[in-house]
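We name chains A, B, ... by the order of the sequence lines, and we start the count at 1 in each one.
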There are 2 protein chains.
Amino acid sequence: MVTIKQVAEIAGVSFKTVSRVVNKEPGVKPQNVAKVEKAIKKLGYRPNRAASLVRKKQTNIIGFISDEISTTPASVAILKGAQDMAWEKGKTLMVFNLDPKKPNKDKLYEECLQHRAEGIIYGAMYHQAVTFSDIFKSLPTVLVNCISTADDFLSIVPDDEQAGYYVTKQLLYKGYRRIAFLNLNPNIIAAQQRQRGFLKALTEFGLNNSDYHIATIEKVVDDKTINITREVAEDVLKTFKPDAVLCGKDLAAINLYFAIERLGFKVGKDIGVASFDNWHDIPEILDPQLSTMALPYYEMGRLAVSQLLTMKQTSSFTTQTLHKVSCLLCDRKSF
Amino acid sequence: MVTIKQVAEIAGVSFKTVSRVVNKEPGVKPQNVAKVEKAIKKLGYRPNRAASLVRKKQTNIIGFISDEISTTPASVAILKGAQDMAWEKGKTLMVFNLDPKKPNKDKLYEECLQHRAEGIIYGAMYHQAVTFSDIFKSLPTVLVNCISTADDFLSIVPDDEQAGYYVTKQLLYKGYRRIAFLNLNPNIIAAQQRQRGFLKALTEFGLNNSDYHIATIEKVVDDKTINITREVAEDVLKTFKPDAVLCGKDLAAINLYFAIERLGFKVGKDIGVASFDNWHDIPEILDPQLSTMALPYYEMGRLAVSQLLTMKQTSSFTTQTLHKVSCLLCDRKSF
DNA sequence: TTGTACGCGTTATCAC
DNA sequence: GTGATAACGCGTACAA
């Protein structure tokens, strides 16, 4: 490997001058800058990051630990957002995936510490509560899409209540008055908060118990969540006879579309449909295209990095705030 | 930050002994090991990776450059596979995402070089040909899900011809004799190869031109690929009247299911359906569940790392081989 | 089994 | 503007 000293020799200057050129420090004669740059090119020199890190205080490394995040298409965007913001701020993200079979956060955190990461972002697959050991307090840490069971970290989560509230309001504005909510597993935070928003919107409009219906489209058997949208949707459509259906996720909206068609109705004309996620290509591929509340994963990823950097500047480790990021309606054709 | 010397002082040994304990070198008195470990715990010492990398030849870092890979749900698995294998082999993956707006592979490669990565994996979003500058030859490099236009790198791609061949054979075995192939954009390598496999299987069964029909479900307008499965499927179903349809991707199979139902047919009973991808939850959510050729992304990711390490061992930089990874049929209920 | 001298490639300090 | 020299935290070689 080519070192700074070899470059110095070829360029005919001291190695410190080479260092100045490499780091773009001011105060080097343009003539020498040229000589050094020529030598660098000739030898194919690359600065050794590790050696530089030994001396510098700033490593510019941020650790990103993901709880299976990168296998979940919807929330891959978190990683993308974090990476983009990190790049803009001159930081490098070191990404680690938790092994679902033996999830040992602490080991990965250890890895980040050894690399002298300046902070950690922990991203979860879905909005949930997670328990962290004390080792996580060694560095500024930001949680994304989850909260700590001990509530001792800065968390960035989607504002699910606002999402439920907003989309319901939109349905009501458009004149729908008999709304069924096919909600996710009620154990999930998102499901609870969306339901609260849903009910709040209905109340504001003066609707009462008989005007809405809530069902769950997920059943948990042996720790596995199974999707029962098809049966539930058919049942609700037949018995409750809604004029609009709010669905817990885009994927399940596929089943809902089928159920509606099978009963001879037309989505968007006879029955309005709304959903949550804006999961990649699914809303566009459905006919009519699905109007859905987009979960702001990309923005959350960006925010995580910028919040982390703010924490470091103000050196306020103990910021235990909850950042709720608003969800936007992707308005298409289904209601 | 705590250093090895401070640990040595507390433990009452020389810092070299601490180094031995940390690196698990043999030949330290158990008594001293205990003393050192106690001191490490007490001080909260973490080895400084950067400092160690300066001295060691092996950095154990592999660079992973992804062409928007991590936003594509189907191929996120490549990253996951690479990460798992890297972890098993004691390597750390440094992940970089290409910015789709200004894709500059070389800059990210430079970054990897500065970190003294031992090799590079370049992953693409879909099976395609990519052009690389000469800088990519400074390190052992493996391409995943793409090939080089100059054909000068080791590539790992799905065996799309085998996939097309195998699934068609299965359709034929089950007795289907009038098969429509709703293929992807014919500019895509995968589409071409699958079609070859499709035709090969038909020929082997002695079927002729009138027994199959090939249509494309993607239209390119202004550099954007738009999905026209719905119209195409309805047309093909009405005019060609197939007894089975092979679909280019799971997502489009959703449209196909709708088209089939609207014409009063039942998927799996009246018309068999097969597809490509095994894209997350989509095959399971459809009714009946979709039988589809799974693209072996996870395996490809694993293979990329192991091949890279093999290249390094044999120091055969110029291996310009094409590794085709077989696809497996996920047999469900749709044919 | 343990410790010392030295070097890795870089940045920081300060004198020239 | 420039260049010695020290220092960073650790591994290697070899001596004790």
Side-chain angles (χ1 to χ4, degrees), chain A residues 1-40 43-61 90 92 110-118, chain B residues 1-40 43-61 90 92 110-118:
Chain A
M1 267 296 142
V2 184
T3 77
I4 210 171
K5 287 183 183 169
Q6 299 174 31
V7 175
E9 197 170 332
I10 298 292
V13 294
S14 82
F15 72 84
K16 176 63 224 191
T17 298
V18 177
S19 169
R20 286 196 177 92
V21 173
V22 170
N23 295 312
K24 297 186 171 47
E25 287 171 32
V28 181
K29 223 192 291 174
Q31 210 181 75
N32 280 340
V33 173
K35 276 202 285 186
V36 169
E37 282 174 345
K38 194 175 159 191
I40 286 178
L43 296 179
Y45 164 80
R46 325 268 168 195
N48 184 330
R49 205 70 143 238
S52 142
L53 292 190
V54 175
R55 281 300 278 161
K56 282 204 248 188
K57 339 106 208 269
Q58 290 231 348
T59 62
N60 284 328
I61 291 175
T92 299
E110 183 71 28
E111 193 87 2
C112 294
L113 283 173
Q114 294 193 9
H115 281 283
R116 297 297 186 264
E118 301 173 343
Chain B
M1 266 297 139
V2 184
T3 78
I4 210 171
K5 285 183 183 169
Q6 299 174 32
V7 175
E9 197 169 331
I10 298 292
V13 294
S14 83
F15 78 86
K16 178 63 228 192
T17 298
V18 176
S19 169
R20 285 197 178 91
V21 173
V22 169
N23 295 313
K24 296 189 174 44
E25 287 171 31
V28 181
K29 222 193 291 174
Q31 210 180 78
N32 280 340
V33 174
K35 276 202 284 187
V36 169
E37 282 174 345
K38 194 175 159 190
I40 286 178
L43 296 178
Y45 165 80
R46 325 269 167 197
N48 183 329
R49 204 68 144 240
S52 122
L53 291 188
V54 176
R55 289 295 282 149
K56 282 202 252 194
K57 339 112 209 263
Q58 291 231 347
T59 62
N60 283 328
I61 291 176
T92 299
E110 183 71 27
E111 193 88 0
C112 294
L113 282 173
Q114 294 193 7
H115 281 283
R116 297 297 186 264
E118 301 172 345

Next on the checklist: Please determine whether side chain to side chain donor-acceptor pair (under 3.5 Å) holds for the pair B:Arg46 and A:Gln114, giving the CA-CA distance in whole Å, both sets of side-chain angles, and the decisive distance to 0.1 Å.
Outcome noted: CA-CA 6 Å; B:Arg46 325 269 167 197; A:Gln114 294 193 9; over 6 Å; no

Checklist entry - How far does CZ of A:Arg116 sit from CG of A:Asn60, to the nearest 0.5 angstrom? => result 15.5 Å

Next on the checklist: Using modelled atom types and a 3.5 Å cut-off, is there a donor and acceptor pairing between side-chain atoms of B:Asn48 and backbone atoms of B:Ala50?
Outcome noted: yes

Next on the checklist: In this structure, how many angstroms lie between the P atom of C:dG9 and the CE atom of A:Met1, rounded?
Outcome noted: 10 Å

Next on the checklist: Between B:Asn48 and D:dC8, is there a contact of a side-chain N or O with OP1 or OP2 at under 4.0 Å?
Outcome noted: no

Checklist outcome for this item: To the nearest angstrom, the CD-P distance between A:Glu25 and C:dC14 comes to 15 Å

Checklist entry - Any chance CD of B:Gln6 has more than 12 other-residue heavy atoms, nucleotides or ligands included, within less than 6.0 Å? => result yes

Checklist outcome for this item: When rounded to the nearest 0.5 Å, the distance separating OG1 of B:Thr3 from OH of B:Tyr45 is 7.5 Å

Next on the checklist: Counting the atoms with a prime plus P, OP1 and OP2 as sugar-phosphate, which does B:Val54 contact under 4.0 Å by heavy atoms, base, sugar-phosphate, or nothing?
Outcome noted: base

Checklist entry - Under the 3.5 Å rule, do the base of D:dA7 and the side chain of A:Arg55 count as making a donor-acceptor pair? => result yes

Checklist entry - Quick one: B:Asn32 CG to C:dT1 C1', roughly how many Å, whole number? => result 9 Å

Next on the checklist: Can you tell me how far apart CG (A:Leu43) and NZ (A:Lys38) are? Round to the nearest 0.5 Å.
Outcome noted: 11.5 Å

Next on the checklist: Near DNA chain C, counting only heavy atoms under 4.0 Å, which residues of residues 12-24 of chain B show up?
Outcome noted: B:Val13, B:Ser14, B:Lys16, B:Thr17, B:Arg20

Checklist entry - What is the distance from CG of A:Asn60 to P of C:dT11, rounded to the nearest Å? => result 13 Å

